[in-house]
Amino acid sequence: HRDLTGLAGLAPWEILFLLDEAEQWVELNRQPHKRADRLAGLTIINAFFENSTRTLLSFEIAGKRLGADVVNMHAAQSSVKKGETLIDTAMTLNAMRADAIVIRHASSGAVRLIADKVDCPVLNAGDGQHEHPTQGLLDALTIRRAKGDFGKLTVTICGDILHSRVARSNIHCLTTLGADVRVCAPPALMPAGIEAMKVTPFHDFDAALDGADVVMMLRLQQERMSGQFIPSPREYRHLYGLTLERLAKAKPDALVMHPGPMNRGIEIDSTVADLAGRSAITTQVEMGVAIRMACLDVLTRRSRGVEGWA
Ligand code: CP
């Protein structure tokens, strides 16, 4: 079987195939009756070792809309709290003969570790600072539907790049699809050697915004900070917050994105986050359900005896 632990290394056609597959589910999800029976009889386990609203709910909705039985394991209410190891937890889930396991974990690499131990496809719902592949895909789908050809686009990603698995998955995805990607962060929140990821780093947000087609803001991840010097929230907003005034430096029709959850008034002002016709933040959430339906469908094709994605 095949897993989805990250977008690094995927070919452009593989990413585009998943985006194309998701289109049918965008249409279905806009109908009053939102059910297809493609995954009927399958069991999907969502094992979340870290908090989530969007990713957990949309994976659950995605599985249910495709007819699967979906069960959620919240680590806070599980035997993880009694000291069970990650591997033992993985072997326990495997013994229940799940057909797909979706995992979120605070440690980079934890999802790969589990994927190597279980017999079914594993989907990464975000692991530490490593990757959040379905977020990268849903962002790409949102951008493609609004702006078309990636090769003509400049995308500015601004915020806590250092701690962001969302940034990493988006960088892999968007550079693979041919977009010009700029990353912008205070020096303490910019990973060393980021140029190797085929992006242009900026510390000056105004310069990074100049002529951008898409502006993607990231949350300041205070929970992952360990000793980095960062400006106060007020200073951060002054230097790196997306205000209406700042947004004017990007193209007049530039799309505004944020993966959520937002720190309103810090990395993004409410006037921008709620800007009709420009903010794609709720569209991103909508695309998340369709992308997760596509990923669950495609990754379980082989076990269902359907021509797969190999
Ligand atoms: N974007 C995202 O991953 O949100 P959650 O943490 O709410 O799942």
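Here, residue 1 is the first one in the sequence, and each next residue gets the next number. Counting starts at 1 for both ligands and their atoms, in listed order. Values reported hereafter were calculated over all heavy atoms of this structure, with side chains retained and with hydrogens, waters and symmetry mates removed. Since the structure is predicted, the reported quantities are computational estimates derived from the model, not experimental observations.
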**Message:** Could you identify the single nearest non-hydrogen protein atom to atom 4 (O) of ligand 1 and state the distance to 0.1 Å?
**Reply:** Arg54 NE, 3.0 Å

**Request:** Take atom CZ of Arg35 as the centre, draw a 6.0 Å sphere, and report whether it contains more than 12 heavy atoms from other residues, nucleotides or ligands.
**Result:** yes

**Message:** For ligand 1 and Leu56, I'd like to know whether there is a polar contact (N/O to N/O, distance under 3.5 Å).
**Reply:** no

**Asked** For Arg219, which of His163, Met262, Glu267 qualifies under side chain to side chain contact (heavy atoms under 4.5 Å, CB included)?
**Response** Glu267

**Prompt:** Closer than 4.0 angstrom: is that true for some heavy atom of Gly126 and an atom of ligand 1?
**Reply:** no

**Item:** Those atoms of ligand 1 less than 4.0 Å from some heavy atom in Gly260
**Value:** 1 (N), 2 (C), 4 (O)

**Request:** Consider every N or O of Pro261 and every N or O of ligand 1, then say whether any pair is closer than 3.5 Å.
**Result:** no

**Item:** Proximity winner for atom 7 (O) of ligand 1, if only heavy atoms of Leu57, Val285, Leu138, Thr53 are counted
**Value:** Thr53

**Heavy atoms from other residues, nucleotides or ligands near CD of Glu195 exceed 12 (cutoff 6.0 Å)** = yes

**Asked** Which of these, Val111, Leu137, Val102, Val122, sits in a side chain to side chain contact (heavy atoms under 4.5 Å, CB included) with Leu4?
**Response** Leu137

**Asked** Does any donor atom in the side chain of Arg292 or Ser58 lie under 3.5 Å from an acceptor atom in the other side chain?
**Response** yes

**Item:** Heavy atom of the protein closest to atom 2 (C) of ligand 1 (residue, atom name, distance)
**Value:** Thr55 OG1, 3.6 Å

**Prompt:** With a 4.5 Å limit on heavy-atom distance, are the side chains of His105 and Glu50 in contact?
**Reply:** no

**Asked** Can you tell me which residue and heavy atom of the protein come closest to atom 6 (O) of ligand 1, and the distance to 0.1 Å?
**Response** Arg104 NH1, 2.9 Å

**Asked** Would you say His132 touches ligand 1, if touching means a heavy atom closer than 4.0 Å?
**Response** yes

**Prompt:** side chain to side chain contact (heavy atoms under 4.5 Å, CB included) with Val289: which of Val26, Ile61, Leu57?
**Reply:** Ile61

